[in-house]
Engineer: 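Got a structure here, written out as structure tokens. Questions coming.
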Amino acid sequence: MATYRRQFIARAGLTGTALGTSGLLSCFPAVSAQEATQASRLVPLDSGIEPTVRLIEDTPREELIETIATRIKNGLSYREVLGGLLLAGVRNVQPRPAVGFKFHAVLVVNSAHLASLASPDQDRWLPILWALDYFKATQAEEARQSGWRMEPVDESQIPLPSQARGAFIQAMESWNTEEADVAVAGLVRSAGRNELFELFCRFGARDYRSIGHKAIFVANSFRTLDCIGWEHAEPVMRSLAFALLNHSGEDNPAKSDLEPDRSWRINLERTEQIPASWLVGGENKVASLDLVAAFREASAEDASRLAVEALNNQISAQAVWDAVLVGSGELLMRQPGIIGLHALTTANALRYAFQTSGEEDSRRMLLLQACSFLPMFRNSAEGRGALGNSRVDDIVAGEEGADARAGTEQIFIDVSRDRPQAAKSLYHYMQAGGSAEVIMNEARRLVFLKGRDAHDYKFSSAVLEDYYQVSPGLRDHFLALSVFNLRGSEDRDNALISRMRAVI
């Protein structure tokens with residue numbers, strides 16, 4: 001800094017006297033003590049993205065879509081808008097009191113991005129514009145509730161690069177928020193993307209609090225940073241660490257035996273029982289459906305035990321994942337709503353982490369946690385009311401010829417009127433050679449037109465992506481189960497669509 005100061009003075013032709021109140025600085029408007037304090041309490045961002053973030057933060061909600069559209073037409077890139085949206089979210093919305101609710105303004109960013117990537121050109125901006133408006137509503141809610149904004153990290157407490165990894169692990173294992181904040185800042189500055197992911201994917205899957213949103217935030221934050229650039233990682237990773245340590249109203253989990261943490265401790269030991277051949281093989285429809293049936297009644301502990309037994313009986317990891325995904329879809333059919341849809345979005349996040357991790361111990365753990373989480377979701381659903389008796393087998397029943405003749409138009413009418421019928425029709429449409437891409441494109445289009453909630457984007461992006469992760473013999477079952485939370489053609493349009501269409 002001293003060198004830069006000398007260069008500045010020399011190039012400007014200034015002396016020490018010229019820098020006094022009668023010199024250069026007297027040409028600048030005065031800065032009050034209040035303004036200086038406010039500026040220092042807001043986490044700084046990369047200088048290239050800061051103006052876009054400020055634009056999103058400061059523009060009134062009723063003007064933002066049109067303002068951003070004008071900037072886009074004048075050269076603002078998709079990557080800049082996406083980055084500004086994510087960073088405005090993590091700087092203005094805290095993952096408290098739960099990693100969900102208002103924090104969906106952050107969680108939905110990657111889902112909107114995935115929907116955008118899969119959309120035709122004329123619709124590509126719709127998910128992003130919707131997410132910008134959603135952020136503004138959340139920003140106002142956060143301001144009313146707490147006034148929270150992310151502050152700069154305490155630079156004096158950041159550990160040395162050689163100590164950052166150990167300090168971060170220690171802070172996360174002891175559930176120490178303050179120590180984790182400075183440790184993760186040091187880790188981001190010294191570690192690479194892959195090292196960060198290997199750490200976060202395990203901590204994101206270690207407990208069931210916030211019905212899977214911790215694992216979802218891990219996957220979504222890394223995927224979005226892969227698009228916008230890792231120069232923006234520090235505030236995002238600080239928000240992520242803060243989210244993963246959320247355990248409001250409980251004793252310190254490091255010193256307790258609480259139910260949300262129990263499966264993690266059990267599964268740490270169970271990973272050692274998985275055979276070396278666990279990744280060999282692929283589809284086994286019968287074994288997968290047998291696991292789906294077992295998961296209907298199994299406890300969290302029993303679910304992972306059943307998975308280990310299957311792996312030791314030469315059932316592949318792929319077949320176990322098929323059971324998790326189809327079983328999650330069946331839970332949604334049994335009780336459409338918030339719990340079932342999160343079973344699927346959490347399975348999507350854990351599956352992404354499983355595919356992305358390069359450490360076998362972590363991959364084993366992620367699979368077993370996915371199995372244990374499914375009974376936890378079932379228990380959470382039962383706490384909201386009786387579960388229906390529907391089974392995935394029910395969508396196979398019916399007159400195949402009649403159902404197969406139901407085209408996509410009728411299927412999405414039935415999504416609004418009669419979801420069980422829509423599921424049967426979609427299954428038989430696919431069995432008769434129907435196009436998954438046609439179904440997916442229409443499903444996305446209807447979310448753009450009819451979606452009114454972050455879950456519409458989160459859910460549709462997850463299940464339409466996971467269609468290709470399920471083995472071919474169960475894909476049509478899985479896609480048919482998705483209708484229990486997709487939008488139908490007779491649903492009411494959302495209030496934003498006319499504004500978004502106008503600016504596009």
Engineer: Return yes if some donor-acceptor pair links the side-chain N/O of Ser116 with the main-chain N/O of Ala112 below 3.5 Å, else return no.
Structural biologist: no
Engineer: Can you name the nearest heavy-atom pair linking Glu63 to Arg499, along with the distance?
Structural biologist: N-NH2, 4.4 Å
Engineer: Could you tell me whether Lys73 atom NZ has more than 12 heavy atoms of other residues or ligands within 6.0 Å of it?
Structural biologist: yes
Engineer: Assess the side chains of Ser174 and Asn176: does a donor N or O sit below 3.5 Å from an acceptor N or O?
Structural biologist: no
Engineer: Between the side chain of Ser482 and the main-chain N/O of Phe478, is any donor-acceptor distance below 3.5 Å?
Structural biologist: no
Engineer: If we ignore hydrogens and angles and just use 3.5 Å, is the side chain of Ser316 paired with the main-chain N or O of Ala319 as donor and acceptor?
Structural biologist: yes
Engineer: Carefully, step by step, assess Asp453 and Lys458 under the rule salt bridge (charged side-chain N to carboxylate O under 4.0 Å, His left out).
Structural biologist: CA-CA 9 Å; Asp453 187 89; Lys458 283 175 56 192; over 6 Å; no
Engineer: Should the pair Arg91-Glu50 be classified as a salt bridge under the 4.0 Å nitrogen-to-oxygen rule?
Structural biologist: yes
Engineer: To the nearest 0.5 Å, what is the distance between CG (Asn220) and OG (Ser111)?
Structural biologist: 5.0 Å
Engineer: Just wondering, do Trp125 and Trp130 contact through their side chains at under 4.5 Å, heavy atoms?
Structural biologist: no
Engineer: Heavy atoms only: give me the nearest Ala323-Phe295 pair and the separation to one decimal.
Structural biologist: CB-CE1, 4.1 Å
Engineer: First locate atom CD of Glu178, then atom CG of Leu245, and finally report the distance between them rounded to the nearest 0.5 Å.
Structural biologist: 9.5 Å
Engineer: Under a 3.5 Å threshold, yes or no: a donor from one side chain and an acceptor from the other, between Ser77 and Glu80?
Structural biologist: yes
Engineer: Tell me which one of Glu57, Gln139, Glu142 satisfies side chain to side chain donor-acceptor pair (under 3.5 Å) with Arg149.
Structural biologist: Glu57
Engineer: Are more than 12 heavy atoms from other residues, nucleotides or ligands located less than 6.0 Å from atom CD of Glu155?
Structural biologist: yes
Engineer: For Glu62, does its backbone N or O pair with a side-chain atom of Lys136 as donor and acceptor, under 3.5 Å?
Structural biologist: no
Engineer: Between Lys214 and Asn246 (side chain of the first, backbone of the second, donor and acceptor by atom type, cut-off under 3.5 Å), is there such a pair?
Structural biologist: yes
Engineer: Evaluate the side-chain proximity of Ile274 to Asn312: yes if any heavy-atom separation is below 4.5 Å, no if none is.
Structural biologist: no
Engineer: Could you check whether Arg487 pairs with Asp456 (Lys NZ or Arg NE/NH1/NH2 to Asp/Glu carboxylate O, under 4.0 Å)?
Structural biologist: yes
Engineer: For a 4.5 angstrom cut-off between non-hydrogen side-chain atoms, does Ser239 reach Val106?
Structural biologist: no
Engineer: Taking C-beta and beyond as the side chain, do Asp207 and Pro253 meet within less than 4.5 Å on heavy atoms?
Structural biologist: no
Engineer: Salt bridge or not for Asp123 and Arg445, using N-O below 4.0 Å?
Structural biologist: no
Engineer: Does Arg165 come within less than 4.0 Å of Glu195, counting only side-chain N to carboxylate O?
Structural biologist: yes
Engineer: Just how far is it from atom CG of Leu325 to atom CG of Asp466, taken to the nearest 0.5 Å?
Structural biologist: 5.0 Å
Engineer: Do His342 and Ser328 come within less than 4.5 Å of each other through their side chains, counting heavy atoms only?
Structural biologist: no
Engineer: Calculate, to the nearest 0.5 Å, the distance between atoms CG and OG belonging to Asn267 and Ser304 respectively.
Structural biologist: 4.0 Å
Engineer: Please check this pair: side chain of Thr70 against backbone of Glu66, looking for a donor-acceptor N/O pair closer than 3.5 Å.
Structural biologist: yes
Engineer: Ion pair present between Asp361 and Arg364, side-chain N to carboxylate O less than 4.0 angstrom?
Structural biologist: no
Engineer: Would you mind checking if Arg193 and Asp226 are paired as a salt bridge, meaning a charged N to carboxylate O distance below 4.0 Å?
Structural biologist: yes
Engineer: Only one of Arg363, Arg202, Glu198 forms a side chain to side chain donor-acceptor pair (under 3.5 Å) with Ser357, so which one is it?
Structural biologist: Glu198
Engineer: Is any NZ, NE, NH1 or NH2 atom of the basic residue among Arg223 and Glu465 found under 4.0 Å from an Asp or Glu carboxylate oxygen of the other?
Structural biologist: yes
Engineer: How about His113 and Tyr457: are their ring centroids closer than 6.0 Å?
Structural biologist: no
Engineer: Under 3.5 Å, side chain of Thr59 to main-chain N/O of Ile56, donor-acceptor pair present?
Structural biologist: no
Engineer: Cation-pi check, Arg209 to Trp264: give yes when NZ or CZ is under 6.0 Å from the six-membered ring centre and within 45° of the ring axis, no otherwise.
Structural biologist: no
Engineer: Take Leu55 and Ile68 through the test side chain to side chain contact (heavy atoms under 4.5 Å, CB included) and record every step on the way to the result.
Structural biologist: CA-CA 8 Å; Leu55 178 69; Ile68 290 293; 3.7 Å; yes
Engineer: Could you pull out all residues at least two apart from Arg270 that satisfy salt bridge (charged side-chain N to carboxylate O under 4.0 Å, His left out)?
Structural biologist: Glu301
Engineer: Count the heavy atoms of every other residue, nucleotide or ligand shown that sit under 6.0 Å from CZ of Phe101, and state whether that count exceeds 12.
Structural biologist: no
Engineer: With no hydrogens and no angle check, is any side-chain donor or acceptor of Asp181 less than 3.5 Å from a backbone partner on Thr177?
Structural biologist: no
Engineer: Does any part of the side chain of Phe103, heavy atoms only, come nearer than 4.5 Å to the side chain of Thr138, both counted from C-beta?
Structural biologist: no
Engineer: Could you check whether Glu250 and Ser256, counting side-chain N and O atoms only, form a donor-acceptor pair closer than 3.5 Å?
Structural biologist: no
Engineer: Indicate whether the side chain of Gln469 and that of Gln355 have a donor and an acceptor atom separated by less than 3.5 Å.
Structural biologist: yes
Engineer: Out of curiosity, Leu240 CG to Phe200 CZ, how far, rounded to the nearest 0.5 Å?
Structural biologist: 4.5 Å
Engineer: Does Trp278 reach the side chain of Val308, with side-chain heavy atoms less than 4.5 Å apart?
Structural biologist: no
Engineer: Does Asp46 reach the main-chain N or O of Glu231 with its side chain, forming a donor-acceptor pair under 3.5 Å?
Structural biologist: no
Engineer: What I want to find out is whether Asp133 reaches Arg61 closely enough, with some N-O distance under 4.0 Å, to be called a salt bridge.
Structural biologist: yes
Engineer: Examine Phe222 together with Phe217 and report whether their ring centres are nearer than 6.0 Å.
Structural biologist: no
Engineer: Out of curiosity, Arg452 CZ to Tyr134 OH, how far, rounded to the nearest 0.5 Å?
Structural biologist: 13.0 Å
Engineer: Could you pull out all residues at least two apart from Arg444 that satisfy salt bridge (charged side-chain N to carboxylate O under 4.0 Å, His left out)?
Structural biologist: none
Engineer: Please assess Val184 against Glu234 for the test side chain to side chain contact (heavy atoms under 4.5 Å, CB included), listing each intermediate value before the final yes or no.
Structural biologist: CA-CA 8 Å; Val184 73; Glu234 187 172 316; over 6 Å; no
Engineer: Crowded around Arg124 CZ? As in, over 12 foreign heavy atoms under 6.0 Å?
Structural biologist: yes
Engineer: Before giving the answer on side chain to side chain contact (heavy atoms under 4.5 Å, CB included), spell out for Leu132 and Val81 the whole-Å C-alpha distance, their side-chain angles and the decisive distance to 0.1 Å.
Structural biologist: CA-CA 9 Å; Leu132 284 164; Val81 177; 4.1 Å; yes
Engineer: Counting only N and O atoms by type, is there a donor-acceptor contact under 3.5 Å from the side chain of Asn348 to the main-chain atoms of Val463?
Structural biologist: no
Engineer: Is any side-chain heavy atom of Arg71 closer than 4.5 Å to a side-chain heavy atom of Thr52?
Structural biologist: no
Engineer: Looking at residues at least two apart in the chain, or sitting in another chain, which of them share a side-chain hydrogen bond (donor to acceptor under 3.5 Å, both in side chains) with Arg475?
Structural biologist: none
Engineer: For the pair Arg262 and Asp257, evaluate salt bridge (charged side-chain N to carboxylate O under 4.0 Å, His left out) and give the outcome as yes or no after the intermediate values.
Structural biologist: CA-CA 7 Å; Arg262 202 165 295 144; Asp257 183 28; 3.3 Å; yes
Engineer: Please tell me whether Ser372 and Tyr208 have a donor and an acceptor in their side chains that are separated by less than 3.5 angstrom.
Structural biologist: no
